[in-house]
Amino acid sequence: MEVGIEGIGVTEHVLSHVDLDRAVQLVREVCRIPSVLGEEGALAGFLASTMRDSGFERVELQPVLPDRPNALGEVDFGTGRRVLMTGHLDTKPASHGWSVTEPFSGDLIDGSVYGHGVMDMKAALACQVVAIEAVRKADLPLMGTLAMAAVADHMGDQLGSIAYFEQHTADLCVLGELTDNEVCLGHRGRYYYDVTTRGRSAHTCHKPAAINANVLAAQAVLALDASKYEPELEPWIVELFGSETYIVPGRIYGGLAPGGPSMIPDECVIRVDCRPQPGVSIEQVRAEIDRCLERAKQADARFLADVVLADVKSGYLADPEDEVVRLMRKAVREVRGVEPPLRVENWLGDTASFGQKVPTVIFGPGGPPVYCPDEHLTVEEIHEATKVYAAFAALALSGPVTG
């Protein structure tokens, strides 16, 4: 354990200042504030107010999109490196079928906090704020700045993270995505391709004269869904992520809207959602999509399609020997008493937009299933996450990790 003032361990000392009851209460409060993508403003305002009341410095609502700001704050310990804790404000829409309580109740029931988005990732934001409060109260001889950034638009184009790093820097970063409180090195990327099948339109009564673009799209969907693309990768990448790059026909847009006139469509768009492992290029994925579409053409000689790369979000993977990873493993070890394993995730984090700018480790409470009825998180997980965040921050501002 790192030694601090008067021989007291840094971790032990900071943990004695963590207010675990406040962490649970703050998790409950953020769960009561809806923040579905596009409606993050109220939660951002609440977190900014919370940080301001707690004595954070340079608290602001950083503009990102109309009524959808980032909530920022800092605690200054003097000259030194800048350590950032971050996570996203936005959630997916609330699920149907809640029965134990309501989606935005924040109720504490049988040792768990219930709330839509509690795991992705409202709890982590609350835990990070309380952890920073603990580090400030501990009055350790630390050097540097401890920053907090709760960002908007993660589930859109990650504009919140992009806006933050256009104006701010960091030397080390913790992203609070849900990892079951395990140390996560990174995640897959996301490439969107739009495949537009081209047919020939006609009135429904003139079916023999038409080539139905939806029918052509059906062949493409079957071929894309059958993809089992396994690019050549380094063995350790395959061990972490598995061998397959996932290629999925996700959304389909074809024909005229319901309630309108009837017409055989000459165009259908398939949004192909590709989830590559780190190191798999857009060219490799495009080649696999072309192979799939060639199989569709073999099934129907009339097949014709255009392919457009619609969006690119890169994967992220930290080196297990990076200091930020070693610091987090040390923090978890000193809180939990055992050496934590390393893992990766298949979802996409904001590290897709900023991971190349700052060494980042991913750690947060909660895990699958999420965005389901009666989503909840145990008090024990909230406690542990808050303590780990506090230990990490104190260790990081004490100097480079040595073990």
Side-chain angles (χ1 to χ4, degrees), residues 34 36-40 65-68 90-97 152-159 188-229 244-276 281-313 347-348 352 371-373:
V36 175
L37 176 66
E39 303 171 3
E40 300 98 321
L65 293 162
D67 300 318
R68 300 173 61 193
D90 49 316
T91 72
K92 298 180 187 296
S95 304
H96 296 291
D153 197 51
H154 159 72
M155 296 180 189
D157 293 316
Q158 301 188 349
L159 296 180
R188 291 176 182 248
R190 185 190 71 198
Y191 304 157
Y192 281 158
Y193 286 88
D194 284 344
V195 174
T196 303
T197 57
R198 304 293 182 185
R200 185 168 61 243
S201 63
H203 191 287
T204 305
C205 294
H206 303 148
K207 178 179 178 181
I211 298 176
N212 192 328
N214 288 352
V215 174
L216 302 182
Q219 296 294 347
V221 166
L222 292 172
L224 289 162
D225 187 63
S227 171
K228 302 294 181 186
Y229 180 47
E244 183 180 350
T245 290
Y246 302 128
I247 295 178
V248 176
R251 302 172 189 165
I252 304 173
Y253 306 85
L256 299 176
S262 181
M263 180 177 178
I264 297 175
D266 60 0
E267 178 179 288
C268 183
V269 183
I270 307 163
R271 171 58 60 88
V272 185
D273 187 346
C274 310
R275 300 303 172 110
S281 69
I282 56 176
E283 292 80 11
Q284 288 174 288
V285 174
R286 172 59 192 269
E288 173 61 14
I289 289 174
D290 287 344
R291 285 191 288 270
C292 293
L293 299 184
E294 181 58 34
R295 289 195 290 272
K297 187 172 182 62
Q298 292 170 5
D300 189 331
R302 303 173 303 167
F303 186 87
L304 181 66
D306 302 325
V307 182
V308 175
L309 178 62
D311 186 55
V312 175
K313 292 290 187 293
W347 40 248
L348 186 77
Y371 296 119
C372 57

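Fair warning: this is a prediction, and the values are worked out from it, not measured in the lab.
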**Report entry** Nearest atoms (heavy-atom pairs only) where Tyr193 meets Val285
**Finding:** CE1-CG1, 3.8 Å

Query raised in the report: Just how far is it from atom CD of Gln219 to atom CG of Asn214, taken to the nearest 0.5 Å?
Result: 12.5 Å

Query raised in the report: In this structure, are over 12 heavy atoms from other groups packed under 6.0 Å from Asp67 atom CG?
Result: no

Query raised in the report: From Met263 CE over to Asn212 CG, what is the distance, rounded to the nearest 0.5 angstrom?
Result: 11.0 Å

Requested in this report: Establish, for the pair Arg271 and Tyr253, whether the NZ or CZ atom is under 6.0 angstrom from the six-membered ring centre and no further than 45 degrees off its axis.
Outcome: no

Query raised in the report: Do Arg286 and Tyr191 pass the side-chain contact (heavy atoms from CB on, under 4.5 Å) test, and can you show the C-alpha distance, the side-chain angles, and the key distance before you say yes or no?
Result: CA-CA 10 Å; Arg286 172 59 192 269; Tyr191 304 157; over 6 Å; no

Query raised in the report: Taking all atoms of both residues into account, what is the closest heavy-atom pair of Ser262 and Thr204, and its distance?
Result: OG-OG1, 2.6 Å

Query raised in the report: Where is the tightest heavy-atom contact between Gln158 and Ala352, given as atom of each residue plus distance?
Result: OE1-CB, 3.7 Å

Query raised in the report: When rounded to the nearest 0.5 angstrom, what is the spacing between NZ in Lys228 and OH in Tyr246?
Result: 9.0 Å

Query - Greater than 12 external heavy atoms within 6.0 Å of Arg291's CZ - result: yes

Query raised in the report: Is a side-chain donor-acceptor pair under 3.5 Å present for Thr245 with Glu288?
Result: no

Query raised in the report: If we only count heavy atoms from C-beta on, is the Thr197 to Leu304 side-chain gap below 4.5 Å?
Result: no

**Report entry** Note: Glu294-Lys297 ion pair, threshold 4.0 Å (strictly below)
**Finding:** no

**Report entry** Backbone of Leu159 reached by a side-chain donor or acceptor of Asp157 within 3.5 Å
**Finding:** no

Requested in this report: State whether the side chain of Ser201 and the backbone N or O of Asp266 hold a donor-acceptor pair below 3.5 Å, judged by distance alone.
Outcome: no

**Report entry** Check: Arg200 side chain, Ala209 main-chain N or O, donor-acceptor pair, under 3.5 Å
**Finding:** yes

Query raised in the report: If you look at every heavy atom in Asp194 and Ala310, which pair is closest and at what distance?
Result: OD2-CB, 3.8 Å

Query - From CZ (Arg198) to CG (Asp306), nearest 0.5 Å - result: 4.5 Å

Query raised in the report: Side chain of Asp90, backbone of Met155: donor and acceptor closer than 3.5 Å?
Result: yes

Query raised in the report: Can you name the closest pair of heavy atoms from Phe303 and Leu216 and give their distance?
Result: CE1-O, 3.4 Å

**Report entry** Ion pair check, Arg190 and Asp311, cut-off under 4.0 Å
**Finding:** yes

Query raised in the report: For the residue pair His203 and His206, does the interplanar ring angle fall in the parallel (under 30°), tilted (30 to 60°) or perpendicular (over 60°) class?
Result: tilted

Query raised in the report: Within the distance-only criterion (no hydrogens, no angle test), does the side chain of Glu39 pair as donor or acceptor with the backbone N or O of Val36 below 3.5 angstrom?
Result: no

Query raised in the report: Do Arg295 and Leu222 come within less than 4.5 Å of each other through their side chains, counting heavy atoms only?
Result: no

Query raised in the report: Can you find a pair of side-chain heavy atoms, one from Cys292 and one from Val195, that are under 4.5 Å apart?
Result: no

Query raised in the report: Does Cys268 reach the side chain of Thr196, with side-chain heavy atoms less than 4.5 Å apart?
Result: no

**Report entry** Spacing of CD belonging to Glu40 relative to NE2 belonging to His154, to within rounding of 0.5 Å
**Finding:** 11.0 Å

Report task. Report the C-alpha distance between Val272 and Tyr192 in whole Å, list the side-chain angles of each, state the deciding distance to 0.1 Å, and finish with yes or no for side-chain contact (heavy atoms from CB on, under 4.5 Å). Result -> CA-CA 6 Å; Val272 185; Tyr192 281 158; over 6 Å; no

Query raised in the report: Taking all non-hydrogen atoms of both residues, which atom of Arg68 and which atom of Gly38 are closest, and how far apart?
Result: NE-CA, 3.3 Å

Query raised in the report: Can you tell me how far CD of Glu244 sits from CZ of Arg275, rounded to the nearest 0.5 angstrom?
Result: 13.5 Å

